[in-house]
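The next block holds one structure in the form of structure tokens; read it before the comments.
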Amino acid sequence: MITGELKSQVDKIWNSFWTGGVANPLTVIEQLTYLIFIRRLDEMETLEEKKANQMGIDKKLEFFSADQQDFRWSHFKDKDPETMFNLFTRPDANGLTVFEHMKQMDKKAGAFAEFMKGATFMIPTARLLDQVVQMIDKINMQDRDTKGDLYEYLLSKIATAGTNGQFRTPRHIIRMMVDMMQPQREDTICDPSSGTAGFLVSAAEYLYENHDDWFLDAGFRKHFHNQMFTGVEFDATMLRIGAMNLQLHGIESPNLIGKDALSEANEDQTNLYSLILANPPFKGSLDYDVVESSLLSTTKTKKTELLFISLILRMLKVGGRAAVIVPDGVLFGSSKAHKELRKTLVEDQKLDAIISMPSGVFKPYAGVSTAVLVFTKTNSGGTDQVWFYDMQADGFSLDDKRSPLLSKNETVEEEIAAVLGLGIAAEEKVPYGLKSTEEAHSKNNIPDIQNRWQNRKKETSRSRTEQSFLVPKAEIADNDYDLSINRYKEIVYEEVEYEKPEVIIGEMEKLDEERGILLDKLKELLR
């Protein structure tokens, strides 16, 4: 876990970028990412040198030649700011700078190195470069949690940066979905719109936290580092940021694909994955001629939110599972494409659950209502009953501020940990001084969602007036495959009894009489 001091320094450097004219948050994060990678190159070189010296053999990997030693982090980090800045901006006799040398790295330096095309050094001053280098130098890069948490802290700043927030799904929502799906040791996990790789990182963290014994097996470690995680993303900046996020969280060689997931170029991604976690882009529209043809055979549409569901069905193996965030329109849209897709999920696949989320979850940059679809690819049906949950609170205010609701004195990261750690089922443990577990539940439904999801057999007795309930497939079919929770939820209205008109009139006359008496007394006082 990172310290408040380090966070404070990150905040200062962030402000320095802004005052220095670098106003795009993604650019700031990208520049910081380059420097973290440059440090990692030096550390990998140092490790290779130690291995070679101890075993008396030649280095297996070499990132710096004899005349490139000045480009190593350990060599330039203590230089004066101007000297350091010159190493980044003035080419040596071979036409290289620290930055250009970094761009020449290939896959042997990790997944991040594969996506360096178009990378540009944009730190404007020697003073700012020195500040950033000194901050990064304080990170314990041997501690997976610290370096991972620091990078997540950097990425959290995207959420406060206007439209750039589209690249970041709230981490507690991601963790809710991962915990529901419970990744297994044999899984191959994919996010077809990976962005900063938040879903993949969270899945890896789940395994570290819940199955640390699996990492004792060499076969699992090889699978985890090389085959388990795949992300598809067409934006080069996001690929670089996602690659670094994964590597800092201990995933050495994730498979990142730089393609448009919906295009013909991605047609080879078929029947490959056992688990897909995603928050695909929605509210977009594409022309038919740029969409991969097999997706249109499932549902002919231009809407990206529908096309991505078709894509996910194609990418999953039979028996594979998915948890996907969709806009509410997918659940009840009346177009032919909407209805066909919902019918496919219900009749041809196994639709497991729909969690309706409040509209404020994606604020401040989007107020659209969304839901989580959970389904299994069977190609032979299997839907019996669909579990619905009406999420009304996620632990944060639903306005643009998204303030934590559970305590006042903790950091954002601690708040998120608090949100995820509430034990609703444990009656004797009431968190953070709240009056009851019911009060905790009213502020955050996520623990209740997890509890009910893992105990779905008990859900059969719930009525439609409760927050969760089961709906049989036949009823959904009778409703033209409408999946909106409001179609099935029953609302109980409390009967309000009013006094008879003559009683109300009598009370009004009494009040009028009292008013007259008080007015007379006031007149007496003024004489």
Side-chain angles (χ1 to χ4, degrees), residues 177-178 180-181 183 187-194 199-200 203 229-234 255 257 259-282 284-286 288 290-333 335-355 370-384 386-387 473 476-477 481-483:
M177 294 165 64
V178 170
M180 287 179 66
M181 303 312 289
D187 273 333
T188 47
I189 305 171
C190 179
D191 180 352
S193 54
S194 58
F199 280 102
L200 302 180
F229 301 99
T230 299
V232 182
E233 176 59 54
F234 72 91
N255 182 27
I257 301 171
K259 295 179 180 178
D260 182 347
L262 299 177
S263 71
E264 296 283 356
N266 198 43
E267 61 184 345
D268 58 332
Q269 295 288 298
T270 303
N271 300 322
L272 295 176
Y273 307 105
S274 62
L275 176 59
I276 289 181
L277 301 156
N279 176 19
F282 41 81
S285 181
L286 300 174
Y288 290 135
V290 300
V291 178
E292 203 275 307
S293 56
S294 69
L295 304 183
L296 297 175
S297 65
T298 303
T299 178
K300 190 170 183 180
T301 180
K302 296 180 179 181
K303 291 186 173 294
T304 55
E305 58 264 36
L306 301 182
L307 290 168
F308 264 98
I309 299 297
S310 296
L311 172 68
I312 288 167
L313 285 172
R314 193 192 74 192
M315 296 174 77
L316 282 172
K317 299 176 180 178
V318 173
R321 304 162 295 139
V324 188
I325 296 174
V326 297
D328 270 2
V330 171
L331 306 180
F332 56 77
S335 75
K336 182 180 178 181
H338 282 86
K339 291 179 181 180
E340 285 180 349
L341 185 62
R342 294 197 298 267
K343 184 177 180 180
T344 296
L345 290 173
V346 173
E347 298 290 351
D348 301 338
Q349 314 301 334
K350 184 176 182 292
L351 181 60
D352 298 301
I354 293 169
I355 301 169
T370 56
V372 178
L373 281 180
V374 181
F375 56 89
T376 304
K377 179 177 177 178
T378 64
N379 287 343
S380 58
T383 303
D384 180 21
V386 178
W387 185 68
K473 170 189 167 183
I476 293 173
Y481 301 99
D482 189 322
L483 298 175

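All values reported here derive from a predicted model rather than from experimental measurement. Starting from 1, each residue takes its place in the sequence as its number.
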Nearest heavy-atom pair of [X] and [Y]: which atoms, and what distance?
| X | Y | value |
| --- | --- | --- |
| P192 | F308 | O-CE2, 3.8 Å |
| V374 | L351 | O-CD1, 3.6 Å |
| I276 | M315 | CD1-CB, 3.8 Å |
| L200 | D191 | CD2-N, 4.0 Å |
| E233 | S193 | OE1-C, 4.0 Å |
| L373 | L331 | CD2-CD2, 3.9 Å |

Is the backbone N or O of [Y] less than 3.5 Å from a side-chain atom of [X], with the two atoms forming a donor-acceptor pair by type?
| X | Y | result |
| --- | --- | --- |
| T304 | P281 | yes |
| T383 | Q349 | yes |
| R314 | Q269 | yes |
| K317 | S274 | no |

Let me confirm one number: the [atom1]-[atom2] distance from [X] to [Y], rounded to the nearest 0.5 Å.
| X | Y | atom1 | atom2 | value |
| --- | --- | --- | --- | --- |
| N379 | N271 | CG | CG | 8.0 Å |
| I476 | E347 | CD1 | CD | 9.5 Å |
| L307 | I312 | CG | CD1 | 11.0 Å |
| L341 | K303 | CG | NZ | 13.0 Å |
| L277 | S194 | CG | OG | 12.0 Å |
| T270 | L316 | OG1 | CG | 11.0 Å |

Residue pair L262, L311: steps toward the side chain to side chain contact (heavy atoms under 4.5 Å, CB included) verdict | CA-CA 7 Å; L262 299 177; L311 172 68; 4.1 Å; yes
Would you mind reporting whether [Y] and [X] have side-chain heavy atoms less than 4.5 Å apart?
| X | Y | result |
| --- | --- | --- |
| I325 | M177 | yes |
| R321 | D187 | yes |
| C190 | L272 | no |
| K259 | D268 | yes |

So R342 and K339, side chain to side chain contact (heavy atoms under 4.5 Å, CB included) or not? Walk me through it.
-> CA-CA 5 Å; R342 294 197 298 267; K339 291 179 181 180; 3.6 Å; yes
Full working for side chain to side chain contact (heavy atoms under 4.5 Å, CB included) between F199 and N279 | CA-CA 9 Å; F199 280 102; N279 176 19; 3.9 Å; yes
Would you indicate whether K473, at its atom NZ, is surrounded by more than 12 heavy atoms from other residues, nucleotides or ligands within a distance under 6.0 Å?
->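 Yes - once you tally the heavy atoms of other residues, nucleotides and ligands closer than 6.0 Å, there are more than 12.
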Who pairs with N255 by side chain to side chain contact (heavy atoms under 4.5 Å, CB included), at least two apart in sequence or on another chain?
->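 Side chain to side chain contact (heavy atoms under 4.5 Å, CB included) list for N255, sorted by chain: T230, I257.
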Determine, step by step, whether L313 and D348 satisfy the side chain to side chain contact (heavy atoms under 4.5 Å, CB included) criterion, reporting the C-alpha distance in whole Å, the side-chain angles of both residues, the deciding distance to 0.1 Å, and the verdict.
-> CA-CA 11 Å; L313 285 172; D348 301 338; over 6 Å; no
